[in-house]
Number of protein chains: 2
Amino acid sequence: MPDHRRPYRRETEERRREDLIAAALDLVAEGGLHAATVRAIADRAGVTPGLIRHYFTSKEELTRVAYRRLMQRMTSDSAAVLLDAPDDPVARLASFVAASVSAPVADPVALGLWAAFLHDVRRDASMRAVHTAMYLDFRDMLQGLIAALPRVASDAQLRTEAIACNGVIDGLWMEGSILAEAFAVGEIIAIALSATGSILNVDLTSAYKPDRNIP
Amino acid sequence: MPDHRRPYRRETEERRREDLIAAALDLVAEGGLHAATVRAIADRAGVTPGLIRHYFTSKEELTRVAYRRLMQRMTSDSAAVLLDAPDDPVARLASFVAASVSAPVADPVALGLWAAFLHDVRRDASMRAVHTAMYLDFRDMLQGLIAALPRVASDAQLRTEAIACNGVIDGLWMEGSILAEAFAVGEIIAIALSATGSILNVDLTSAYKPDRNIP
DNA sequence: TTTCTTGTTATACGGCTGTGTAATTCGTTT
DNA sequence: AAACGAATTACACAGCCGTATAACAAGAAA
């Protein structure tokens, strides 16, 4: 029996939901899905466990929402690169490819989160829909950049090339994130540029100018 | 109070360990890591929960062993392809690449298992070592096939090309496993051959002859 | 047949899980 | 200042988790 009840401040619904989602993602990233228990999430968000069921009908719903938020973040991280990318189509594609295999798009935490949710994604239809949309969004971005190259290419060829380049990016994203120590600094970027360049028959390597903002 | 004790047969240590490992992998594949509880594993293997701690010092050890077994299976599945692959270096590489993005190497269950263990792999040093070894084994196989091509290439170039081709394969392996319905039959194989062919500047597509044993 | 080893089952335990519900207190409205 | 609504806390509950330990029985050895 507590001497005094824990004092608290009322917050907006959006703020509380955001905090709970962030706490859940943090915990999943640190300790896997099973570490994100109702009590741990509440603790991390600075509230008591009961509050979670006041904002989410079940823990499963919180999980779904958190996954959706993660995918949104990954997609917007990718799209953000294009905001201050060069105008030249070749350099623009090169910059996008390089960013996609570098932080913050590619990092061990993001991969860990992605993997942790994978099983639920396969089982839950709504989560699978989120995943599919995010994958196709990314691939469409890539295909748009490829289509802008100064070449002639059929639609079918563009699709094939986009899938292939996406494959390279995803594969290197994965390997670079898990086995970062197995590669030299910049090696993944160089390989990504060279490989996608080969696939598209365009010299991306010499078109790539590292972002001056990032040391 | 049970009327009678459950009857049982004694088995060899190897048999029991194998059964428990297989049961654990089955359950992880079906329901994620959290579905592989001590009780569920024992039930699936046809024994009682206590027996697990007779053969494994902890559930964590069973997990590590199961992961090691999974990696062994994936590696040997990959290597098996080379046993009845063509002798011609180009056709040989093409057959290896195609097999690596097809069943049984690439399938949703394998990807799900791989993802389920990923977090533990990042945290546990011995599991990480297993993963690294498996990755390098696969890449070395690939690099060996690339080196056998009728071309001249430096060691550094071979390494770069192997990493790039491995990236393509891994990426397509991932996407094809999760989003199988988003691709036409054989499309992933065709793209994998075309992309790796471009990277290596070799025509793998026309060198590829589908295995007659597989319809 | 009887003994002995040990593979196997049975059971207990503390701790943690997600959920349901009642009590409280914050901040606003009257 | 008093009342009110609802955000938040507090607590209870059944169930499952991994682990520990003791009782049993299967099959080999004698």
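Lettering follows sequence order; numbering is per chain, from 1.
- Using a 4.0 Å cut-off between charged nitrogen and carboxylate oxygen, B:R39 and B:D43 do not count as a salt-bridge pair.
- Residue contacts for B:E13: at a heavy-atom cut-off of 4.0 Å it reaches no nucleic acid atom on any strand shown.
- Between B:H34 atom NE2 and C:dG18 atom C1' there is a gap of 12 Å when expressed in whole angstrom units.
- Salt bridge status for A:E18 with A:R16: absent, with no side-chain N to carboxylate O gap under 4.0 Å.
- The CZ-C1' distance, from A:R15 to D:dA7, rounds to 15 Å in whole Å.
- The nearest whole Å value for the distance from the CD1 atom in B:I52 to the C1' atom in C:dA10 is 15 Å.
- Using a 4.0 Å heavy-atom cutoff across all strands shown, A:T37 reaches sugar-phosphate atoms only and no base atom.
- Distance, B:R16 CZ to C:dT6 P: 17 Å, rounded to whole Å.
- Side-chain atoms of B:R6 lie closest to C:dA10 of the nucleotides C:dA10, D:dC17, C:dT8.
- If you take CD of A:E61 and P of C:dT19, they are 11 Å apart, rounded to a whole angstrom.
- One interatomic measurement links the two molecules: CD1 of A:I41 to P of C:dT19, which rounds to 11 Å at whole-angstrom precision.
- A:H54 has a side-chain polar atom (N or O) that falls below the 4.0 Å cut-off from OP1 or OP2 of D:dA7.
- Each of B:R53 and B:R9 has a nearest nucleotide on DNA chain D; the 5'-most of these lies closest to B:R53.
- We find that CD of B:E11 is positioned 15 Å from C1' of D:dA25, with the value rounded to whole Å.
- Within 4.0 Å (heavy atoms only), A:Y55 reaches sugar-phosphate atoms of the nucleic acid but no base atom.
- Below 30°, between 30° and 60°, or above 60°: for B:H131 and B:W114 the angle between ring planes is between 30° and 60°, a tilted geometry.
- Checked for salt-bridge contact, A:R122 and B:E30 miss the test: no charged N lies under 4.0 Å from a carboxylate O.
- Nearest nucleotide to the A:K59 side chain, out of C:dG18, D:dT8, C:dT8: C:dG18.
- Side-chain atoms of A:R5 come within donor-acceptor range of the base of C:dA23, with a qualifying N/O pair under 3.5 Å.
- Across the protein-nucleic acid pair, A:L51 atom CG and C:dG20 atom P stand 16 Å apart, rounded to whole Å.
- Counting heavy atoms from C-beta outward, B:V28 and B:L70 have side chains that stay 4.5 Å or more apart.
- Nearer the 5' end of DNA chain D, as judged by each residue's closest nucleotide, is the contact made by A:R10, out of A:R39 and A:R10.
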